[in-house]
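This report concerns only the one structure given below.
Letters A, B, ... are given to chains in the order of the sequence lines, protein chains preceding strands, and every chain is numbered from 1.
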Amino acid sequence: MPQTTRITPFQQRVYAACRRIPRGRVSTYRWLGEAVGCKSARAIGQALKRNPFAPEVPCHRVVRSDRSLGGFSGQTSGGEVRRKREMLRAEGVRFGPNDRVEESALIRLAGPQ
DNA sequence: ATGATGATTGGGG
DNA sequence: CCCCAATCATCAT
């Protein structure tokens, strides 16, 4: 059983960066990592997966580098991911062919370096 | 401390 | 499509 209540310093940094993604736009696991000084996009996914502040911390606005949706609510495919797409669409994010976020929706957050 | 596990990524076949 | 190595916070031993 994971300690779902414990928020690590790393998670705080990731959530703080995630909060800067405006409505109707999305960023990527990789860019979020750059904004926080972490070279592992997977580690970012780990933190977002344990996000207890959704949707206040908009973890649904983070997608893969190739602009495909990526995971949501602990799943990499299926109904949860489908809802992620719907939430984004409701916020005004446009989608191109085969569930790819439109390029114009991407936002690269400012970070260190 | 050591090993396994991911909401990843870029590269290769 | 599939497989692999690199990456690193977390979790289980």
Side-chain angles (χ1 to χ4, degrees):
Chain A
M1 298 286 278
Q3 317 279 74
T4 55
T5 50
R6 162 95 184 165
I7 310 277
T8 68
F10 175 72
Q11 282 172 53
Q12 301 219 31
R13 278 190 279 142
V14 174
Y15 300 153
C18 185
R19 268 185 292 253
R20 313 214 218 87
I21 306 173
R23 204 188 151 76
R25 310 215 52 192
V26 296
S27 191
T28 71
Y29 295 98
R30 171 162 226 179
W31 289 343
L32 217 45
E34 286 176 10
V36 169
C38 173
K39 281 169 282 184
S40 173
R42 281 190 121 177
I44 299 297
Q46 288 285 356
L48 294 180
K49 166 185 173 184
R50 299 172 177 121
N51 170 30
F53 308 115
E56 202 49 25
V57 171
C59 58
H60 59 284
R61 297 181 189 150
V62 184
V63 302
R64 291 198 192 204
S65 300
D66 63 359
R67 285 182 282 141
S68 59
L69 283 172
F72 191 59
S73 198
Q75 306 185 193
T76 313
S77 63
E80 294 304 300
V81 178
R82 239 184 322 182
R83 290 202 265 112
K84 178 176 183 176
R85 187 188 65 234
E86 224 181 89
M87 293 173 75
L88 291 175
R89 200 164 56 79
E91 294 183 351
V93 175
R94 308 306 255 356
F95 286 82
N98 39 301
D99 277 5
R100 296 275 179 119
V101 172
E102 206 143 280
E103 203 167 344
S104 60
L106 290 172
I107 180 174
R108 189 171 197 164
L109 302 172
Q113 282 76 295

Contact class for [X] (heavy atom, under 4.0 Å): base, sugar-phosphate, or nothing?
{"X": "A:Lys39", "value": "sugar-phosphate"}
{"X": "A:Gln11", "value": "sugar-phosphate"}
{"X": "A:Tyr29", "value": "base"}

I want to confirm an ordering. Mapping A:Ala41 and A:Pro9 to their closest nucleotides on DNA chain C, which one lands closer to the 5' end? A:Ala41
Once you round it to whole Å, what is the distance between [atom2] of [N] and [atom1] of [X]?
{"X": "A:Leu48", "N": "B:dT9", "atom1": "CG", "atom2": "C1'", "answer": "16 Å"}
{"X": "A:Glu34", "N": "B:dG10", "atom1": "CD", "atom2": "C1'", "answer": "14 Å"}
{"X": "A:Arg67", "N": "B:dT9", "atom1": "CZ", "atom2": "P", "answer": "13 Å"}
{"X": "A:Asp66", "N": "B:dA7", "atom1": "CG", "atom2": "P", "answer": "16 Å"}
{"X": "A:Phe72", "N": "B:dG6", "atom1": "CZ", "atom2": "P", "answer": "19 Å"}
{"X": "A:Arg42", "N": "B:dA4", "atom1": "CZ", "atom2": "P", "answer": "14 Å"}
{"X": "A:His60", "N": "B:dA7", "atom1": "NE2", "atom2": "C1'", "answer": "14 Å"}
{"X": "A:Ile7", "N": "C:dT10", "atom1": "CD1", "atom2": "C1'", "answer": "13 Å"}

Check DNA chain B against residues 101-109 of chain A and give the residues with a non-hydrogen atom under 4.0 Å, in numerical order.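 Within residues 101-109 of chain A, no residue comes under 4.0 Å of DNA chain B.
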Listed nucleotide nearest any side-chain atom of [X], set [options]:
{"X": "A:Arg30", "options": "C:dT10, B:dT8, B:dT9", "answer": "B:dT9"}
{"X": "A:Arg64", "options": "C:dA9, B:dA7, B:dT9", "answer": "B:dT9"}
{"X": "A:Ser65", "options": "C:dC8, B:dT9, C:dT10", "answer": "B:dT9"}
{"X": "A:Cys59", "options": "B:dA7, C:dC8, B:dT8", "answer": "B:dA7"}
{"X": "A:Phe10", "options": "B:dG6, C:dA9, B:dA7", "answer": "C:dA9"}

Comparing A:Gln46 with A:Val63, nearest DNA chain B nucleotide closer to 5' gives the residue A:Gln46
Side-chain donor or acceptor of [X] paired with backbone N/O of [Y] under 3.5 Å:
{"X": "A:Thr76", "Y": "A:Gly71", "result": "no"}
{"X": "A:Lys84", "Y": "A:Val62", "result": "yes"}
{"X": "A:Arg94", "Y": "A:Ala105", "result": "no"}
{"X": "A:Arg64", "Y": "A:Arg30", "result": "no"}

Residues that A:Arg20 engages under side-chain contact (heavy atoms from CB on, under 4.5 Å), provided they are two or more places apart: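 For A:Arg20 the side-chain contact (heavy atoms from CB on, under 4.5 Å) partners, ignoring immediate neighbours, are A:Leu109.
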Paired with C:dT7: which nucleotide, if any, by Watson-Crick or G-U wobble criteria at under 3.5 Å for both distances? none
Using a side-chain heavy atom cutoff under 4.5 Å and only I, L, V, M, F, W and Y, what cluster partners does A:Leu88 have?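 Taking Ile, Leu, Val, Met, Phe, Trp and Tyr as members, A:Leu88 shares its hydrophobic cluster with A:Val26, A:Trp31, A:Val63, A:Leu69, A:Val81, A:Val93, A:Phe95, A:Val101, A:Leu106.
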Residues A:Arg50 and A:Gln46: side-chain donor-acceptor under 3.5 angstrom: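 Result is yes, a qualifying pair exists.
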Spacing of A:Arg61 atom CZ and A:Leu32 atom CG [to the nearest 0.5 Å]: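 So the gap between those two atoms works out to 12.5 Å.
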